[in-house]
Amino acid sequence: MLMAALLCALCALADDEATELNCEVEVNSQKITNGSREVFEELKEKVTDYMNTTKWTNAVFGTNEKIYCKLQFTISTWDDATGLMKGDLQIQSQRPVYNSSYTTALINFKDGKVDFHFEPGQQLVFNEMDMEDNLTAILNFWAYMIIAMDFDSFELKGGDPYYERAAQVVRLAQSSGESGWKAFEDNANRSAVLSAFTDNQTSPIRQMLYDYHRMGLDQMVVTVDKGRSTITHTLENLAKIYDVAPLSVCLTMFKDAKLDELINIYSKANMTEKETVYEMLYQVYPSETNRLDQIKKTSN
């Protein structure tokens, strides 16, 4: 019995180390006044288990290599008779910077069209070849996007296989009639997010993911000026994207994940570099004047 228990524990540990995500889940149901609150705690537990125990890739991950991410559901309406929940989902993910204790945000995005059915006792079943339900489709899509962008930040176009898996999720979901999946439905739904990272005209965003993180932030630990200079050059890609797709959601995603970090990065830059970066960012984000002004005002 002792040996069997030990083998089970070792297998569980091996399975845990094989998975890719270290996902924290929160469910905000403060707007809901009807029904039992236990269903929302169960939703949190089921989603946490689903994200952290599903094997999303064939890559080998150690426990300390897991991708940290956070899903924050805000439920605005709930029909306790049918189990239909509607609300939004904030997605965040982080990446460590080499040889430092610093972590940098890769995603900080709100998915505003999150509708799904969930009832007590419901099991979340992973199916790569078919769409089980809208909740698992949403989870699958964001898991693959989190992994794809993380891989892109370490290797140029390293996320290719996972963008394709996200595309498969979108293709399956588009025929379901559920909201948030249709092409051209709006410029910030899940279909639009995928297109922003896979269409040729906005493809510089993926070059940015690699240059900014692997050639920029990772190098700043060794040579601050050289790493920062690389980041300055890679920001030129924002203007390229803006020129051809000014409403692309990838521009908003980059701003929400990186603008505060950029203010800190250039706090020690010379005034010429600060002004260069300010002008590049102002061209793309003119409504962010107050925040951008901090780049020039921060003292050396």
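Values below: all heavy atoms of this structure, side chains included; hydrogens, waters and symmetry mates excluded. Along the sequence shown, the residues carry numbers beginning at 1.
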Would you check if the side chain of [X] reaches a backbone N or O of [Y] as a donor-acceptor pair within less than 3.5 Å?
X      : Y      : result
Asp111 : Ile91  : no
Ser203 : Asn200 : yes
Glu20  : Thr57  : yes
Asn134 : Asp115 : yes
Ser176 : Leu172 : no
Thr198 : Leu194 : yes

Output, in order, the C-alpha distance, side-chain angles, deciding distance and verdict of side-chain contact (heavy atoms from CB on, under 4.5 Å) for Leu135 and Met85.
CA-CA 10 Å; Leu135 175 57; Met85 298 184 184; over 6 Å; no
Can you tell whether the side chains of Asp79 and Lys86 come within less than 4.0 Å, N to carboxylate O?
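No salt bridge links Asp79 with Lys86.
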Salt bridge check, Asp152 against Arg95: does any charged N sit closer than 4.0 Å to a carboxylate O?
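The answer is no: the pair does not qualify as a salt bridge.
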Please determine whether residues [X] and [Y] belong to a single hydrophobic cluster, defined as Ile, Leu, Val, Met, Phe, Trp and Tyr linked transitively by side-chain heavy-atom distances below 4.5 Å.
X      : Y      : result
Leu124 : Trp78  : yes
Leu251 : Val277 : yes
Val244 : Leu238 : no
Tyr212 : Val221 : yes

What heavy-atom pair brings [X] and [Y] nearest, and what distance separates the two atoms?
X      : Y      : value
Trp56  : Leu21  : NE1-CD1, 3.6 Å
Glu273 : Thr232 : OE2-OG1, 2.9 Å
Phe254 : Leu235 : CZ-CD2, 3.8 Å
Ser179 : Arg190 : O-NH2, 2.9 Å
Val97  : Leu217 : CG1-O, 3.5 Å
Cys23  : Thr48  : O-CG2, 4.0 Å

Are a donor atom and an acceptor atom from the side chains of [X] and [Y] found within less than 3.5 Å of each other?
X      : Y      : value
Thr202 : Asp199 : no
Tyr282 : Asp293 : no
Glu185 : Ser191 : no
Thr230 : Gln219 : no

Between Leu106 and Ser153, does the side-chain contact (heavy atoms from CB on, under 4.5 Å) criterion hold? Intermediate values first, please.
CA-CA 9 Å; Leu106 282 174; Ser153 76; 4.2 Å; yes
Can you list the steps and then say if Arg228 with Asp225 is a salt bridge (Lys or Arg N to Asp or Glu O under 4.0 Å)?
CA-CA 5 Å; Arg228 188 174 58 226; Asp225 291 344; 2.7 Å; yes
Would you call the rings of Trp142 and Phe109 parallel, tilted or perpendicular, where under 30° means parallel and over 60° means perpendicular?
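Geometry flag for Phe109 against Trp142: tilted rings.
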Which residue pairs pass the salt bridge (Lys or Arg N to Asp or Glu O under 4.0 Å) test with at least one member in residues 33-42, sequence neighbours excluded?
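Checked against salt bridge (Lys or Arg N to Asp or Glu O under 4.0 Å) - neighbours excluded - the pairs reaching residues 33-42 are Glu42-Lys46.
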Hey, could you give me the CE/OG distance between Met215 and Ser229, rounded to the nearest 0.5 Å?
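These two atoms lie 11.5 Å from each other.
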Using the side-chain contact (heavy atoms from CB on, under 4.5 Å) rule, take Thr53 and Phe126 through it: C-alpha gap first, then chi angles, then the decisive distance, then the call.
CA-CA 10 Å; Thr53 63; Phe126 176 70; over 6 Å; no
What residue pairs, at least two apart or across chains, pass ring pair (Phe, Tyr, Trp, His ring centres under 6.0 Å) with a residue in residues 148-181?
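Qualifying pairs: Tyr98-Phe154, Phe141-Trp181, Phe151-Tyr162.
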Would Leu209 and His213 count as a side-chain contact (heavy atoms from CB on, under 4.5 Å) if you check the C-alpha gap in whole Å, the side-chain angles of each, and the deciding distance to 0.1 Å?
CA-CA 6 Å; Leu209 283 172; His213 296 95; 4.0 Å; yes
Hey, is CG on Asn58 packed in by over 12 heavy atoms from elsewhere, all under 6.0 Å?
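At most 12 heavy atoms, drawn from other residues, nucleotides or ligands, come within 6.0 Å of this atom.
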Show, in sequence, the C-alpha distance, side-chain angles and deciding distance for Arg171 and Gln168, and conclude whether the side chain to side chain donor-acceptor pair (under 3.5 Å) test is met.
CA-CA 5 Å; Arg171 286 192 290 268; Gln168 172 69 1; 3.2 Å; yes
Atom pairs and distances, side-chain donor-acceptor, residues 67-75, under 3.5 Å, sequence neighbours left out:
residue, atom, partner, partner atom, Å
Tyr68, OH, Glu24, OE1, 2.7
Lys70, NZ, Glu26, OE2, 3.2
Gln72, NE2, Glu26, OE1, 3.3

